[in-house]
There are 2 protein chains.
Amino acid sequence: MTNVFDDPRITAVGLLFEVHAGLSARFTAQLEEHGFSAVEFEVITRLARSPGNQLRMTDLAAQTSLSTSGVTRVVDRMERDGLLTRRACPNDRRSSYAVVTPKGMQQLDETLPGHLQMIEQWFTGQLDPQALDALLDGLRRVRDAVHPCATAGSTDVAPEQETAAGGTPRP
Amino acid sequence: MTNVFDDPRITAVGLLFEVHAGLSARFTAQLEEHGFSAVEFEVITRLARSPGNQLRMTDLAAQTSLSTSGVTRVVDRMERDGLLTRRACPNDRRSSYAVVTPKGMQQLDETLPGHLQMIEQWFTGQLDPQALDALLDGLRRVRDAVHPCATAGSTDVAPEQETAAGGTPRP
DNA sequence: CAGTTATAGTTGCTGCAGCAGTCGTTGGGC
DNA sequence: GCCCAACGACTGCTGCAGCAACTATAACTG
């Protein structure tokens, strides 16, 4: 039987997903040595790169792969561990900010060098600069297509225009 | 403050992960229209592309992102839904095969065209052939570094050689 | 052949994330 | 000022996946 799964499209996706899984596993292992889960690291990173080391819960959810309820729980845990604090929003009493504490920043600072080294070792360092550029350029174009609002909290993006096989806006 | 997070390595990983998340979300939505969860689709795909539409539970675990216990539960569910069956292994009475049923194959056949179309629309179709090749080539090289045993059940790979920042072999 | 070790699969327990429903807050229409 | 829809965050419930413990079988050793 001629295998339908040799279709280059399937292979392409398989490749991308395997790379993601592989890198995730490596990173998770290293992050846990520093007391972070993958999600926690993503959260604290997004916060730390934002002005004032803080972000509203909703915006945090939009920037991460989490739902708002997911963000609530993660921030719960990290607040219990002293890495974050909640701060009331002065303008809007419904909103609250998640803020990185000094302890959180310190733990992040201890984690980052090793993390960067891991990236270098397993990802960027595997390719010569030219090939890496090509890879990133391709990824960027796919990202722009597939990930409409990568930077919530700052600028909003034009409403996406579906082409065919339309449907499900976004979860 | 000069932001540490503008480091190109962080950006590269962020890009890759955003692409993965974006594609995952799209695919998940489409797959669920056909009654598959993402994991179930991965499982049935791996089975369907294997000789005899079957695979031992352990090999299935190695080829997917699941642990062996995870495979047990997924196969439980899919067997309950009539998509798979367990079959005893004649040589080794410890092992059992997971086999795709006709109903499973049919449901897969109904799903695949739309799935391929999604891939085309959101991923491969976003790039001209040359750029796509460059992207896939880069991914392939990273995959080879990071994902030692992509094809379990067939050939084994040479034991990985850690360089620096050693440690945790694999989960 | 008996005894030990390794392997295949399953299951109890735990932790996590999403959904849907709830409460408090905000802003617009009248 | 009052009412109602929209919004932000939180919580009960459910389903899922991994770990560790367990059973059954296989392979190895003397």
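All of these numbers come straight from a predicted model, not from anything done at the bench. Below, chains carry the letters A, B, ... as their sequence lines are ordered, and counting in each starts from 1.
Put simply, the side chain of B:Arg77 and the base of D:dG15 share no donor and acceptor less than 3.5 Å apart. B:Ser69 contributes a side-chain N or O that forms a donor-acceptor pair with the base of D:dC19 under 3.5 Å. The base of C:dG9 has none of its N or O atoms less than 3.5 Å from a complementary donor or acceptor on the side chain of B:Arg56. On a pure distance criterion of 3.5 Å, no polar donor-acceptor pair joins the side chain of A:Ser37 and the base of C:dC16.
A heavy atom lying under 4.0 Å from DNA chain C marks the following residues of residues 78-98 of chain A, by number: A:Asp92, A:Arg93, A:Arg94.
Counting only residues at least two apart or in different chains, salt bridge (Lys or Arg N to Asp or Glu O under 4.0 Å) contacts with residues 113-130 of chain A comprise A:Glu120-B:Arg9, A:Asp128-B:Arg141.
The side-chain contact (heavy atoms from CB on, under 4.5 Å) test applied to A:Ser67 returns A:Ser69, not counting sequence neighbours. Every residue two or more places apart in sequence or in another chain that forms a ring-ring contact (aromatic ring centres under 6.0 Å, His included) with A:Phe27 is listed here: A:His115. Evaluation of the ring-ring contact (aromatic ring centres under 6.0 Å, His included) rule for B:Phe17 yields A:His20 as partners, not counting sequence neighbours. For B:Asp76, the salt bridge (Lys or Arg N to Asp or Glu O under 4.0 Å) test picks out B:Arg86, with sequence neighbours left out.
As judged by a 4.0 angstrom heavy-atom cut-off over every strand, B:Ser65 is placed among residues touching the sugar-phosphate backbone only. The residue B:Val39 sits close only to the backbone: its heavy atoms come under 4.0 Å of sugar-phosphate atoms, none of a base.
Among C:dG9, D:dG18, D:dC10, the nucleotide with an atom closest to any side-chain atom of B:Met57 is C:dG9.
Checked by atom type and distance alone, the side chain of A:Thr101 pairs as donor or acceptor with a backbone atom of A:Leu83 at under 3.5 Å.
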